[in-house]
Q: 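Pasting a structure below so you can have a look.
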Amino acid sequence: YALDDEQYDVAVDYFTRAIKCYGKASKFDHYYLYGVRAFAYRDMGNYEAAVCDLNKTYELALDDDPEVAIRAILYRADVRYKQQMYDESNADCEWILSQDSLNYEAIICIARNHNAQGLYSEAIELVNKSEQINPDYYAIPKIRMQSYLGLGETHKAIDDAVQFIDVNDFNDLSATDSIMMADFAYAHQCVDAKIKTDDRAEIWQYFKANLYSLAGEYDTCLAYIATLEKKYGATFEIIICRAACYKLMGDIEKEQAELAKAFEN
């Protein structure tokens, strides 16, 4: 619960206690305790401690659960990415691929490292390879849209951003902000197309309202939200859209008033 509530110090303390009193009757596997503590260390920014725990996870799980051991190395590659230690991260991923050449997550991890180093064409090549293995993997359009943006191919980047929003069920929308704003007119066109053809048209309309606010077209945004409110009523999503617009306008008083409505809703 502490980890879910982002109380990382508390989570580390409890996992450390569990590790110290670990015995055969313990509810969780020994490697699990180290692995989850590693997540707590990672999220609190203590990357070296996270790496130590992932190393221990690998060591303990290697014989009992090789799949967990491989995932420990994948998570270590992610931590190395956060540390901007791209060569070390790539080495971990290459080791995983030596065990399983079709591990699309390791391939995507290397592609993400390439993006961070400005190797956008190489990243796209790897993302496409990963897509051939698992076309439904949520990270594929997310990583590739960043590659295309880096290459200045904004329309392709926006196409992937729309795909990412679609397959990721409208989660992690902030990841697409810079992509969609690279060419607002084209992004607007793509979203309008989704409104006309997607059975989740209402949600795409909320996203369109957010596009207006991101572009600084606040009056247009508020007017569009008003038309949606007449159609759907004062839904939670509409209230949040309006609050987000007021926030970008710098009108904190109106933003807080809308958030209060959202809580009531």
Side-chain angles (χ1 to χ4, degrees), residues 81-82 84 108 111-124 126-128 131 137-198 200-229 231-232 235-252 254-256 258-259 262:
Y81 165 79
K82 294 179 185 301
Q84 299 182 3
I108 283 290
R112 183 179 60 174
N113 292 339
H114 284 343
N115 273 346
Q117 295 172 289
L119 303 172
Y120 303 118
S121 296
E122 292 87 340
I124 289 172
L126 287 175
V127 173
N128 291 343
E131 188 173 34
Y137 186 42
Y138 81 95
I140 287 170
K142 182 177 184 179
I143 302 302
R144 192 168 53 200
M145 71 185 182
Q146 296 164 357
S147 305
Y148 280 132
L149 186 66
L151 290 172
E153 298 187 40
T154 54
H155 286 194
K156 289 183 178 180
I158 290 169
D159 288 341
D160 268 334
V162 171
Q163 182 186 346
F164 173 70
I165 294 165
D166 212 354
V167 302
N168 205 33
D169 199 23
F170 290 85
N171 292 314
D172 197 15
L173 291 180
S174 61
T176 67
D177 288 351
S178 62
I179 309 293
M180 302 302 273
M181 288 301 100
D183 188 334
F184 173 73
Y186 183 71
H188 190 280
Q189 175 185 324
C190 291
V191 172
D192 273 345
K194 297 297 285 188
I195 291 171
K196 291 176 182 177
T197 61
D198 198 301
R200 298 176 297 172
E202 182 180 344
I203 304 178
W204 282 106
Q205 287 174 321
Y206 299 145
F207 186 72
K208 180 177 177 177
N210 283 327
L211 275 186
Y212 283 130
S213 63
L214 286 172
E217 298 186 13
Y218 304 125
D219 290 340
T220 303
C221 175
L222 293 173
Y224 185 66
I225 289 173
T227 64
L228 296 180
E229 191 168 14
K231 184 176 181 179
Y232 302 116
T235 66
F236 177 83
E237 290 82 4
I238 283 173
I239 296 168
I240 290 297
C241 282
R242 193 152 44 211
C245 183
Y246 284 135
K247 180 179 181 179
L248 289 173
M249 292 171 67
D251 194 330
I252 304 304
K254 287 185 178 179
E255 178 204 1
Q256 290 178 341
E258 290 298 321
L259 290 175

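Reckoned from all heavy atoms, side chains included, excluding hydrogens, waters and symmetry mates. The model shown is predicted, which means the values in this text are computed figures rather than measured ones. If you read the sequence from its start, that first residue is 1, and numbering goes on from there.
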Q: Measure the shortest side-chain to side-chain distance between R242 and E229 over non-hydrogen atoms and say whether it is less than 4.5 angstrom.
A: yes
Q: Not counting sequence neighbours, which residues clear salt bridge (Lys or Arg N to Asp or Glu O under 4.0 Å) with K194? List them please.
A: D166, D198
Q: Flag the pair Y206 / Y224 as yes when at least one side-chain heavy-atom distance between them is below 4.5 Å, and no otherwise.
A: no
Q: Can you tell if the side chain of I240 reaches within under 4.5 Å of the side chain of L259, non-hydrogen atoms only?
A: yes
Q: Is there side-chain contact between T176 and F207, with at least one heavy-atom pair below 4.5 Å?
A: yes
Q: According to salt bridge (Lys or Arg N to Asp or Glu O under 4.0 Å), who are the partners of K247, at least two apart in sequence or on a separate chain?
A: none
Q: Under the ring pair (Phe, Tyr, Trp, His ring centres under 6.0 Å) definition, can you give me all pairs with a residue in residues 176-196, not counting sequence neighbours?
A: H155-Y186, F184-H188, H188-Y212
Q: Quick one: salt bridge (Lys or Arg N to Asp or Glu O under 4.0 Å) pairs with a partner in residues 202-216, sequence neighbours left out?
A: D192-K208
Q: Anything under 3.5 Å between a donor and an acceptor, one on a side chain of residues 167-174, the other on a protein residue two or more places apart or in another chain? List them.
A:
residue: N168; atom: ND2; partner: N171; partner atom: O; Å: 3.0
residue: D169; atom: OD1; partner: R200; partner atom: NH1; Å: 3.0
residue: N171; atom: ND2; partner: N168; partner atom: O; Å: 3.2
residue: D172; atom: OD2; partner: K142; partner atom: NZ; Å: 2.9

Q: Using the salt bridge (Lys or Arg N to Asp or Glu O under 4.0 Å) criterion, which residues pair with E255? Sequence neighbours excluded.
A: none
Q: Find the distance between CD1 (I158) and CD (Q163) and round it off to the nearest 0.5 Å.
A: 14.0 Å
Q: L149: which residues meet the side chain to side chain contact (heavy atoms under 4.5 Å, CB included) condition with it, sequence neighbours left out?
A: T154, A157, S178, I179, A182
Q: Starting at OG of S147, measure out to NE2 of H114 and round the result to the nearest 0.5 Å.
A: 10.0 Å
Q: Please enumerate all residues that pass ring-ring contact (aromatic ring centres under 6.0 Å, His included) together with Y81, with sequence neighbours excluded.
A: none
Q: Indicate yes or no: at least one non-hydrogen side-chain atom of V191 is less than 4.5 angstrom from one of Q205.
A: no
Q: Going by ring-ring contact (aromatic ring centres under 6.0 Å, His included), name the residues that satisfy it together with Y138, two or more places apart in sequence or in a different chain.
A: none
Q: For E131, give me all partners under salt bridge (Lys or Arg N to Asp or Glu O under 4.0 Å), at least two apart in sequence or on another chain.
A: R144
Q: Report the distance from atom OG1 of T235 to atom CD1 of I238, rounding to the nearest 0.5 Å.
A: 3.5 Å
Q: Using every non-hydrogen atom in the two residues, find where M180 and A161 come nearest and quote the distance to one decimal.
A: SD-CB, 3.7 Å
Q: Decide yes or no for L126 and I108: does some side-chain heavy atom of the first lie under 4.5 Å from some side-chain heavy atom of the second?
A: no
Q: Using a 4.5 Å cut-off on heavy atoms from C-beta on, say whether the side chain of E237 contacts that of I203.
A: no
Q: Enumerate the residue pairs fulfilling salt bridge (Lys or Arg N to Asp or Glu O under 4.0 Å) with a member in residues 145-157, sequence neighbours excluded, ordered by first and then second residue.
A: E153-K156
Q: Would you say I124 and I143 make side-chain contact, with heavy atoms under 4.5 Å?
A: no
Q: Donor-acceptor pairs under 3.5 angstrom involving side-chain atoms of residues 213-223: please list them, not counting sequence neighbours.
A:
residue: S213; atom: OG; partner: N210; partner atom: O; Å: 2.7
residue: Y218; atom: OH; partner: L248; partner atom: O; Å: 3.3

Q: Decide whether Q256 and Y246 meet the rule of one side-chain donor and one side-chain acceptor closer than 3.5 Å.
A: no
